[in-house]
Novice: 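Got a structure here, written out as structure tokens. Questions coming.
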Amino acid sequence: MDDFSYLGGSEINSMEQLYQQYLNNPEALDKSWQHFFRGFEFARVNYSEPAVTHVDLDKEFKVLNYIDAFRKRGHLFTKTNPVRARREYYPTLDLENSGLSEDDLDIIFHAGNEIGIGNASLRRIREHLMQTYCGSVGTEYMYVRTPERVSWLQHRLESVQSKTGFSPDEKKDIFGHLIKAVGFENFLHRRFVGQKRFSLEGTETLIPALYYIMERGSELGIEAFFLGMAHRGRLNVLANILGKPYENIFQEFTAAEFESNISLGDVKYHLGYCSHISLPNGREVSVNMAPNPSHLEAVSPVSQGLARATIDHQFKGDFTKVAPVLIHGDAAIAGQGVVYEVIQMSELSGYKTGGTIHIVINNQVGFTTNYLDARSSTYCTDVGKVIKAPVFHVNGDDVEALVQIVKMAMDYRQTFYTDVFIDILSYRKYGHNEGDEPRYTQPTLYRAIARHPNPRELYSQQLISQGIVTAGEVSRQQKSFDGFLEEKLEISKTLGKVTIQRFLSETWKSYKHAERQDFDKHFPDDITVELLQFIGDKINYLPDDRKFIDKTVKLVEDRRAMMKAGKADWAIAELLTYGSLLYEGHPVRISGQDVVRGTFAHRHASHVIEDTDETFTPLKYVHQKQAPFYIYNSPLNEYGVLGFEYGYALAAPNGLTIWEAQFGDFSNVAQVIMDQYLSSAEEKWGLMNGLVLFLPHGFEGQGPEHSSARIERFLILAARNNMQIVNPTTPANLFHLLRQSVKRNFRVPLVIFTPKSLLRNHKCISTLKEFAGDHFREVIDDQDVDVKEVRRLVFCSGKIFYDLLARKEELKARDVALVRIEQLHPFPRNQVDAIMHKYDNALVTLWVQEEPGNMGPWRHIWHEFKGFEILPIFRQPSGSPATGLLKVHQISQEEIIGKVFKKCVCELNRPYCGLQCPDGSQKQDILNQYRYFGEKH
Ligand SMILES: Cc1ncc(C[n+]2csc(CCOP(=O)(O)OP(=O)(O)O)c2C)c(N)n1
Ligand SMILES: [Mg+2]
């Protein structure tokens with residue numbers, strides 16, 4: 001017997017008693033039971049037919065359990081796979097598994113009310129459940145934790161009204177989209193034989209699905225869509241959804257050259273596109289397909305960032321106007337970790353985009369890998385359950401079911417502003433690409449596929465049998481579309497070089513691509529000390545009516561005192577940069593792990609009010625008319641967040657967008673974004689991007705993974721004007737660098753190696769005069785020298801300068817010039833040349849770095865010094881960037897510093913005579929190291 005004691009005491013142990021309890025005192029019962037019995041009563045009183053003749057509440061509950069089983073597990077028993085049988089799952093939905101039997105089929109149950117069909121026979125209930133949960137659509141949603149969402153879905157799925165089909169005209173419209181989707185692929189197949197296009201064949205219903213997402217979305221207020229997708233079916237989507245001219249796509253199959261300043265270009269199925277589409281419902285939507293690399297799913301976070309920036313800036317934070325649509329492959333969505341990252345970010349205030357429509361082209365194979373080898377989860381979409389998103393698995397052959405579901409998904413998104421998944425179960429007509437033989441690896445599946453009619457044929461048969469179209473009409477429509485494509489093909493032959501449409505051209509219309517000389521122009525910063533003090537007052541302010549911890553109060557007081565003394569450290573420089581840009585109308589967004597306080601507790605962009613979790617962010621109160629300031633601690637990932645910020649910066653070039661790594665060492669987790677977007681997007685797709693990376697870097701004995709941001713890796717990616725790579729050493733230089741990057745008329749990714757210990761180094765301080773009226777310095781020369789007396793010219797970059805400076809001051813070595821190369825790329829050659837000539841009495845020129853010889857800037861720097869002899873000093877080349885033993889670190893650091901200032905063995909009058917030493921030991925030492933480096937590599 002069931003145990004009901006938890007409901008109302010030990011005396012309740014049957015359904016009848018529970019019902020009595022309800023009649024006596026309904027409020028004493030749990031809400032769901034109240035709800036059930038209310039329905040039961042309502043049905044008993046209001047429906048005379050069919051009458052419930054039994055009072056077998058136990059059985060009623062069994063029927064309810066039966067209904068529940070369908071809701072929870074119905075998706076496992078659907079007819080969603082168009083080409084093969086599904087796996088078997090247990091327990092089944094047989095009546096017996098709910099304690100019912102065939103004998104109960106004709107009994108009328110109140111439980112029918114639960115699914116909106118009133119009192120009904122078990123037979124009718126079963127039929128309704130089978131149709132709702134086990135037909136062409138399998139829905140997973142019972143794990144959704146918000147009851148309101150569950151009832152919404154239940155109502156939409158189960159109610160009889162929602163099952164009314166499409167009108168003949170609607171069906172003809174749907175068919176029209178299939179004519180285009182199938183016709184386009186067939187045409188490419190015939191006209192460009194054997195060429196790679198990653199055909200959509202097998203999942204052509206994607207095209208009507210996307211169309212109706214747009215149409216329904218537009219009716220619900222969406223004005224902009226951001227699409228991210230991979231290779232499969234992309235040409236079809238570009239042509240038939242975004243309206244990219246067919247002739248341009250055909251031209252890309254044959255043309256050999258790109259126009260404009262795109263130097264390398266990319267394959268056609270990676271290109272992005274933007275369009276404004278006028279829909280038959282009279283609305284207009286902008287649809288933007290982000291360019292994507294081969295790296296599957298890398299585009300997902302980028303699309304999210306694009307959408308969020310558009311929401312923030314174009315729609316003033318209104319999520320209802322913009323929707324991202326991500327189209328995944330079944331293998332990629334299951335396998336690529338960045339999908340998890342993006343989904344984990346989807347509900348966070350810094351990254352939310354109001355719900356993404358995820359669509360999976362589930363052709364049950366990834367290249368040659370069967371789905372059984374591609375995942376452990378039941379469904380490829382199971383990652384969606386992380387955020388309890390509903391998932392609809394739809395048979396890709398059933399276009400009407402799919403269209404209905406996408407409309408429902410769009411309604412859900414526009415009601416609850418959260419993600420939703422549509423998994424289109426389909427197949428892949430050919431191999432991975434059109435030249436590939438799928439029968440090597442999937443012979444039985446491909447036997448079935450070979451016999452399988454395409455969705456256009458299936459739907460035309462259906463419409464013909466319903467008398468909605470005739471066979472003649474179908475054939476005429478197909479021929480007409482073919483003829484149209486033939487005309488476009490002819491046009492394509494006259495077009496010349498391929499042009500790449502500028503992505504988000506309206507947003508980028510006032511920016512130009514960078515040329516080398518642009519980096520030599522200094523942005524004349526006319527900011528005044530008065531304005532800096534005004535901004536300083538704002539950023540160093542704590543409201544009197546709030547209480548902050550003592551350390552916060554002291555921090556702000558110290559900052560005030562420093563500014564009053566006309567100085568600024570690194571943290572103040574940052575805040576002044578943001579404050580001044582906001583004041584001048586440039587939005588600022590910073591995200592990364594623990595960025596609000598700052599990993600090294602230097603930034604404190606917000607202050608937490610004591611005894612509450614509220615925060616006060618002074619940068620939001622610089623001026624009434626200021627631009628918005630956003631700062632978000634990110635979730636603990638790099639790939640997803642960096643991709644997101646790249647997309648954000650792409651849609652907001654007027655702002656300053658910064659991603660900060662916790663330590664630069666961790667940035668390599670996001671290597672795909674650096675390789676595939678940051679460094680190469682301009683050459684591949686003509687994309688500019690002003691994203692700034694803050695990468696804490698410096699050898700301070702903190703171990704192999706808390707020392708190096710891998711300067712060498714960024715320099716290896718640097719070519720021509722694709723990135724600006726900077727290792728600034730003064731607060732003022734950081735200020736100018738960041739402000740310049742926003743003020744100029746071009747954008748390139750800006751990689752900045754940022755300090756750790758220097759944040760608290762009393763030498764690493766600038767005067768406010770260096771902020772006002774100055775400009776960014778690519779090279780900082782040594783002012784504390786007698787130029788003609790300089791015997792050693794020492795070039796370095798970054799934090800080691802301060803170690804060298806300390807020794808130089810200790811030794812009062814005015815014959816050693818310490819020159820900082822702040823900008824590593826583009827290399828400031830003219831300035832460096834001038835310095836080489838300036839110190840013409842120098843006997844030796846050194847490059848000094850704290851990184852091992854195979855890392856840091858050296859290998860990239862040395863050929864910039866062509867024509868000059870320059871000897872390097874570095875840590876011994878090694879596989880691991882740094883030691884974990886503080887003592888070992890200190891010894892090797894001392895060795896480097898010691899070599900630079902090594903006292904001459906000759907003991908001449910000049911203690912630092914460099915190569916004047918008769919036995920040449922100084923030079924020999926350095927040369928030995930140099931040779932070692934040369935031999936090893
Ligand atoms: C990150 C990454 N790893 C590997 C590949 C190579 N690759 C290209 S397509 C593909 C299979 C993709 O399968 P699926 O996601 O199901 O998409 P489909 O091609 O079946 O539409 C693989 C492994 C890649 N492009 N990106
Ligand atoms: Mg696949």
Side-chain angles (χ1 to χ4, degrees), residues 80-84 181 185 196-207 209-210 227-238 266-271 290-302 326-342 358-377 379-384 393-394 396 421-438 440-442 445-446 449 637-640 642-643 668-677 680 684:
T80 41
N81 198 321
V83 283
R84 57 181 162 192
E185 294 294 348
K196 266 194 204 176
R197 69 192 144 96
F198 296 105
S199 112
L200 184 59
E201 280 156 283
T203 322
E204 292 98 324
T205 45
L206 173 73
I207 298 302
L210 284 175
L227 269 59
M229 74 180 292
H231 51 287
R232 175 93 39 229
R234 189 181 178 98
L235 297 181
N236 209 319
V237 174
L238 284 169
D266 197 0
V267 289
K268 49 196 167 294
Y269 39 82
H270 285 172
L271 302 181
N292 75 297
S294 286
H295 288 56
L296 294 166
E297 297 292 350
V299 74
S300 296
V302 175
L326 293 181
I327 302 166
H328 312 265
D330 55 312
I333 191 176
Q336 289 294 304
V338 71
V339 178
Y340 177 86
E341 295 182 11
V342 168
H358 297 268
I359 300 180
V360 184
I361 298 179
N362 186 349
N363 51 25
Q364 311 181 49
V365 62
F367 209 146
T368 69
T369 300
N370 198 300
Y371 71 100
L372 291 172
D373 295 325
R375 60 180 190 257
S376 295
S377 57
Y379 294 109
C380 62
T381 50
D382 279 354
V383 65
H393 306 280
V394 189
F421 287 72
I422 301 152
D423 175 21
I424 309 180
L425 261 294
S426 48
Y427 56 94
R428 189 185 69 190
K429 175 88 188 278
Y430 305 104
H432 177 57
N433 59 57
E434 291 60 39
D436 200 34
E437 172 54 83
Y440 281 135
T441 50
Q442 272 84 13
L445 175 64
Y446 273 81
I449 290 173
N637 81 60
E638 287 76 20
Y639 187 178
L642 182 59
N668 60 5
V669 178
Q671 197 65 45
V672 174
I673 299 297
M674 294 160 194
D675 294 347
Q676 269 49 55
Y677 283 99
S680 58
K684 292 191 291 190

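Predicted, not measured: the structure shown is a model, and the values here were computed from it. In each ligand, atom 1 is the first atom listed, and ligand 1 is the first ligand listed.
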Novice: Please classify the L296 to ligand 1 contact at 4.0 Å (heavy-atom distances, strictly less than): side chain, backbone, both or neither.
Specialist: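 Near ligand 1, L296 shows its backbone as well as its side chain.
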Novice: Using a strict cut-off of 4.0 Å, indicate which atoms of ligand 1 neighbour a heavy atom of A331.
Specialist: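 Taking each heavy atom of A331 in turn, ligand 1 has 13 (O), 14 (P), 15 (O), 16 (O) under 4.0 Å.
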Novice: Any protein heavy-atom neighbour for atom 6 (C) of ligand 1 (distance below 4.0 angstrom)?
Specialist: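 Under the 4.0 Å cut-off, atom 6 (C) of ligand 1 has no protein heavy-atom neighbours at all.
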Novice: By atom name, which N, O or S atom of D330 is the nearest to the Mg ion (ligand 2)?
Specialist: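 Of all N, O or S atoms belonging to D330, OD1 is the one nearest the Mg ion (ligand 2).
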Novice: Only one of I361, V394, I359 forms a side-chain contact (heavy atoms from CB on, under 4.5 Å) with I424, so which one is it?
Specialist: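 By the side-chain contact (heavy atoms from CB on, under 4.5 Å) criterion, I424 pairs with just one of I361, V394, I359: I359.
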Novice: If you measure from each non-hydrogen atom of H328 to ligand 1, which part falls under 4.0 Å: side chain, backbone, both or neither?
Specialist: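 Neither part.
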Novice: Going by atom types alone, do R84 and Q364 pair a side-chain donor with an acceptor below 3.5 Å?
Specialist: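 Short answer, yes.
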Novice: For F198 and H231, take the angle between the two ring planes, folded into 0 to 90°, and tell me which bin it lands in: parallel under 30, tilted 30 to 60, perpendicular over 60.
Specialist: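 Perpendicular.
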Novice: Please report whether atom 12 (C) of ligand 1 has a protein non-hydrogen atom at a separation of less than 4.0 Å.
Specialist: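 Yes; the ligand atom in question has protein heavy-atom contact below 4.0 Å.
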Novice: Report yes if some N/O of N363 lies less than 3.5 Å from some N/O of ligand 1; otherwise report no.
Specialist: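 Min N/O separation from ligand 1 is below 3.5 Å for N363.
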Novice: Would you say A331 reaches the Mg ion (ligand 2) with an N/O/S atom under 2.8 Å?
Specialist: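 So A331 does not count as coordinating the Mg ion (ligand 2).
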Novice: Output, in order, the C-alpha distance, side-chain angles, deciding distance and verdict of side chain to side chain donor-acceptor pair (under 3.5 Å) for Y639 and E341.
Specialist: CA-CA 8 Å; Y639 187 178; E341 295 182 11; over 6 Å; no
Novice: Check each atom of ligand 1 against the heavy atoms of Q336 and keep those under 4.0 Å away; list them by number with element.
Specialist: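 So the atoms of ligand 1 that pass are 1 (C).
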Novice: At what distance is the nearest protein heavy atom to atom 17 (O) of ligand 1, and which residue and atom is it?
Specialist: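 Ranking protein heavy atoms by distance from atom 17 (O) of ligand 1, first comes G329 CA, 3.8 Å.
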Novice: Does the shortest distance from the Mg ion (ligand 2) to an N/O/S atom of N363 fall below 2.8 Å?
Specialist: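 So N363 counts as coordinating the Mg ion (ligand 2), yes.
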Novice: Within a 6.0 Å radius of atom OH on Y340, are there more than 12 heavy atoms belonging to other residues, nucleotides or ligands?
Specialist: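 12 or below, so no.
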Novice: With a 4.0 Å heavy-atom cut-off (strictly under), which part of T369 contacts ligand 1: side chain, backbone, both or neither?
Specialist: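 Contact part for T369 vs ligand 1: neither.
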Novice: Hey, which atoms in ligand 1 end up nearer than 4.0 Å to a heavy atom of G366?
Specialist: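 Answer for ligand 1: 11 (C), 13 (O), 16 (O).
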Novice: Heavy atoms only: give me the nearest E434-S199 pair and the separation to one decimal.
Specialist: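 For E434 versus S199, the nearest heavy atoms are OE2-N, 2.7 Å.
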Novice: Among protein heavy atoms, which sits nearest to atom 15 (O) of ligand 1, and what does the distance come to when rounded to 0.1 Å?
Specialist: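 Among all protein heavy atoms, the one nearest atom 15 (O) of ligand 1 is A332 N, 2.9 Å.
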Novice: Would you mind checking which non-hydrogen protein atom is closest to atom 16 (O) of ligand 1, with the distance to 0.1 Å?
Specialist: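 That would be D330 OD1, 2.6 Å.
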Novice: Run the numbers for me: atoms of ligand 1, each under 4.0 Å from some heavy atom of S294, listed by number.
Specialist: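 By the 4.0 Å cutoff, the relevant atoms are 24 (C), 25 (N), 26 (N).
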Novice: Starting from atom 9 (S) of ligand 1, which protein heavy atom do you reach first, and at what distance in Å?
Specialist: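 The closest one turns out to be H432 CE1, 3.0 Å.
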Novice: If we set the cut-off at 4.0 Å for heavy atoms, which region of R428 has an atom near ligand 1: side chain, backbone, both, or neither?
Specialist: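 It is neither part, as no heavy atom is under 4.0 Å.
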Novice: Using distance alone, determine whether I361 and ligand 1 share an N or O pair under 3.5 Å.
Specialist: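 Not met; the criterion fails.
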Novice: Are side-chain N/O atoms of T368 and T441 paired as donor and acceptor at under 3.5 Å?
Specialist: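 On atom types as modelled, these side chains do not qualify, holding no pair under 3.5 Å.
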Novice: Does one side chain, of N236 or R197, offer a donor that lies under 3.5 Å from an acceptor on the other?
Specialist: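 No donor-acceptor contact under 3.5 Å links the two side chains.
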Novice: Per the side chain to side chain donor-acceptor pair (under 3.5 Å) rule, which among T80, N81, N362, D423 passes with H393?
Specialist: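 Exactly one pass, corresponding to D423.
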Novice: Quick one, Y677 with V299, criterion side-chain contact (heavy atoms from CB on, under 4.5 Å). Give me CA distance, side-chain angles, the key distance, then yes/no.
Specialist: CA-CA 9 Å; Y677 283 99; V299 74; 3.6 Å; yes
Novice: Output yes when the distance from some N or O of ligand 1 to some N or O of H231 is under 3.5 Å, and no in every other case.
Specialist: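 Right, the criterion is met.
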Novice: Which option out of Q364, E297, R232 puts a heavy atom nearest to atom 19 (O) of ligand 1?
Specialist: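 The option holding the nearest heavy atom is R232.
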Novice: Taking N637 for the side chain and G640 for the main chain, is one N or O donor matched with an acceptor at less than 3.5 Å?
Specialist: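 At least one qualifying donor-acceptor pair exists.
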Novice: Under 3.5 Å, is there a donor-acceptor pair linking the side chains of D266 and H270?
Specialist: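 Looking only at side-chain atoms, H270 and D266 do form a donor-acceptor pair, the distance falling under 3.5 Å.
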Novice: Indicate yes or no for a side-chain donor-acceptor contact from N363 to the backbone of G202 under 3.5 Å, with no hydrogens or angles considered.
Specialist: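 Not confirmed, N363 side chain does not pair with G202 backbone.
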